> 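Shown below is the structure under consideration.
We count ligands from 1, going down the list as the structure has it; atoms in each ligand are counted the same way. Just so it is clear, the model here is predicted, and its values are computed rather than measured.
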Amino acid sequence: MKIKNHISILLFFVLIGFSQYSKADYPIVSHRHLADPGSMVYNGRVYLYCSNDDENPGDDQSGYQMKSIVCVSSSDLKNWTDHGIVFEVPSGASWAGKSWAPSAIERDGKFFLYFGNGGNGIGVATANNPLGPFIDPLGKPLVENSTPGVQPAKNMWLFDPMTFIDDDGQAYMYFGGNGDNNVRVIKLNRDMISVDGPAIHLNAKNFFEASWMHKHNGTYYFSYSANPRAQMRIDYMTSTKPTSGFTYGGAVSKQPPLNDNNNHQAIFKLNGEYYQAYHNRVVARQANIPPVYKRNLCIDQFKHNASGGIDTMVNTVDGVVQLAYLSPFDRVEAETMNAQSGIYTETCKVGGMNVCNIENGDWIKIRGVDFGKKGAKKFSASVAGIVANGQIELRLGDPSGTLIGTCKVDPTGDLQTWETVTCKVEKVAGVQDLYLKFTGGEGKLFNFDWWQFSAK
Ligand code: FUB
């Protein structure tokens, strides 16, 4: 009897724990498996460039096969826009067979994306805007085993590049993996696509992978994923110089919950606060698929303390505060969302991305939508479909919350022939979590490109 009671109590807590994750706002992007984020803050938005784990077969044998980089971005840290693939190999870099763990940076109005060709060299690709397409301008790796200063190195993984521009304009690229002595930093020229001098050797306790540099109050913080012996924490070292003099500082963050495997961080500052983007494996675990090669994105906030250290970050499922409410009176891309059920995204014929794979009962959630005092009267959406009697239900609070409007979707010709549908909206004002719930018959209903409310 006693044992039975204990089992029920245990089951209760397991279920509470699980339902917390199943309702979570994190993962921040749940319709795609993305990993190894590299952050770039540009014009008030954070862009995360990621390894595309959707390309991994996902079984326990096939390993990492990623050949493309996907970008997602947000200005409020709660609603994320999926920009799809911004770089892929070999079309974007003919010499490369893989594209892993990128970082991106802007200089002089140009954008630079650095990536690992698996663990066998580092490439660079450039574009005129943050969303690419990024193309390799060199026709060869930027850094390879024969680059002066890379060797000697024992079993080094030549990957995980992170590029940082110091206040004096000097650019540095940090990279390497698999051994305390395998951290390297190399100066880049102003063009950002050539190196200046040999790679410099750094040493980091328990260094495994995921080099990152940020500078705070004049101190250089080199963070990295520690090895399995050190639970793959994100550890850091500090120095007053970017290329030497580092001393171990402690942990930026622990092994993330529901991860239990490799860990990879990007650190960025937005609106005066510091955040870490990282991955765990909660989406795959919830879907009951092998999680190792199917990672997903997460984000949390952390703080530096008065003594110049970092207070170890707490991983949360909904800890980050929304930076600004979303205006429903501006056109919003359908692929901007906080959470979803059942949908996927694809390249849209008229530009950008659209939501696809929509079936009866699927939904997307948009967090913190500000309808103002007067509220909205009309809803418009751009849709494309081939079956009759589809609907977009506008609901508040949860997928079966208060219904404030229903938009009918009829065939438009095909799944990329776009028409705007409109419907009346009732009783809505103030800040709301908006659910767009899709209903209809069997199979795929329609595609969805953008939406907008109007006050008249
Ligand atoms: O995604 C492949 C590798 O896994 C990355 O290069 C490492 O940082 C680890 O996250």
Side-chain angles (χ1 to χ4, degrees), residues 27 29 32-39 48-72 85 87-89 96-104 113-124 141-143 153 155-163 173-179 182-184 204 206-213 222-228 230-236 252-256 258-267 276-284 290-299:
V29 177
R32 304 187 84 123
H33 292 286
L34 300 175
D36 305 325
S39 57
L48 300 181
Y49 297 85
C50 310
S51 298
N52 188 0
D53 276 12
D54 277 347
E55 294 178 333
N56 297 329
D59 57 81
D60 286 339
Q61 288 79 43
S62 308
Y64 291 118
Q65 303 292 337
M66 305 84 77
K67 290 177 173 21
S68 68
I69 301 298
V70 170
C71 179
V72 298
I85 290 175
F87 171 71
E88 59 191 318
V89 300
K98 300 241 167 75
S99 174
W100 292 7
S103 72
L113 186 72
Y114 302 86
F115 64 95
N117 176 26
N120 297 310
I122 290 166
V124 58
L142 173 63
V143 168
N155 302 326
M156 184 195 215
W157 297 330
L158 190 41
F159 73 170
D160 288 6
M162 189 281 166
T163 300
M173 188 169 76
Y174 297 82
F175 58 93
N178 197 29
N182 286 352
V183 192
R184 299 286 180 274
N206 296 318
F207 180 68
F208 200 50
E209 53 194 6
S211 295
W212 195 267
M213 171 56 67
F222 176 79
S223 55
Y224 58 97
S225 168
N227 60 26
Q231 301 86 45
M232 296 180 181
R233 288 183 309 258
I234 300 302
D235 279 357
Y236 71 97
V252 183
S253 57
K254 297 183 181 152
Q255 168 69 218
L258 299 166
N259 190 44
D260 194 26
N261 209 305
N262 61 28
N263 192 0
H264 192 119
Q265 85 295 5
I267 288 173
Q276 180 185 268
Y278 56 100
H279 64 233
N280 73 1
R281 287 159 165 93
V282 59
V283 171
V292 178
Y293 304 108
K294 293 285 185 191
R295 300 161 291 180
N296 57 262
L297 294 179
C298 314
I299 175 181

> Please examine the side chains of Lys67 and Glu55, heavy atoms only from C-beta on, and report whether any two atoms are closer than 4.5 Å.
yes

> How close do Gly97 and Val89 get, counting heavy atoms only, and between which atoms?
C-CG2, 3.7 Å

> Taking all non-hydrogen atoms of both residues into account, name the closest pair between Ser39 and Ile267 and its distance.
OG-O, 3.6 Å

> Give one line per pair: atom of ligand 1, protein atom, distance. Only N/O to N/O under 3.5 Å.
from, atom 1, to, atom 2, distance (Å)
ligand 1, 1 (O), Asp36, OD2, 2.4
ligand 1, 1 (O), Arg295, NH1, 3.2
ligand 1, 1 (O), Arg295, NH2, 2.8
ligand 1, 4 (O), Asn262, ND2, 3.2
ligand 1, 4 (O), Arg295, NH1, 3.3
ligand 1, 6 (O), Asp160, OD1, 2.6
ligand 1, 8 (O), Asp160, OD1, 3.4
ligand 1, 8 (O), Asp160, OD2, 2.6
ligand 1, 8 (O), His264, ND1, 2.7
ligand 1, 10 (O), Asp36, OD1, 2.6
ligand 1, 10 (O), Arg295, NH1, 3.3

> Just to verify, what does Asp235 make a salt bridge (charged side-chain N to carboxylate O under 4.0 Å, His left out) with, not counting sequence neighbours?
Arg233

> I'd like to check the ring pair (Phe, Tyr, Trp, His ring centres under 6.0 Å) partners of Phe207; sequence neighbours left out, ordered by chain and number.
Tyr224

> Got a sec, which residues hit side-chain hydrogen bond (donor to acceptor under 3.5 Å, both in side chains) with Asp54, two or more places apart in sequence or on another chain?
Tyr344

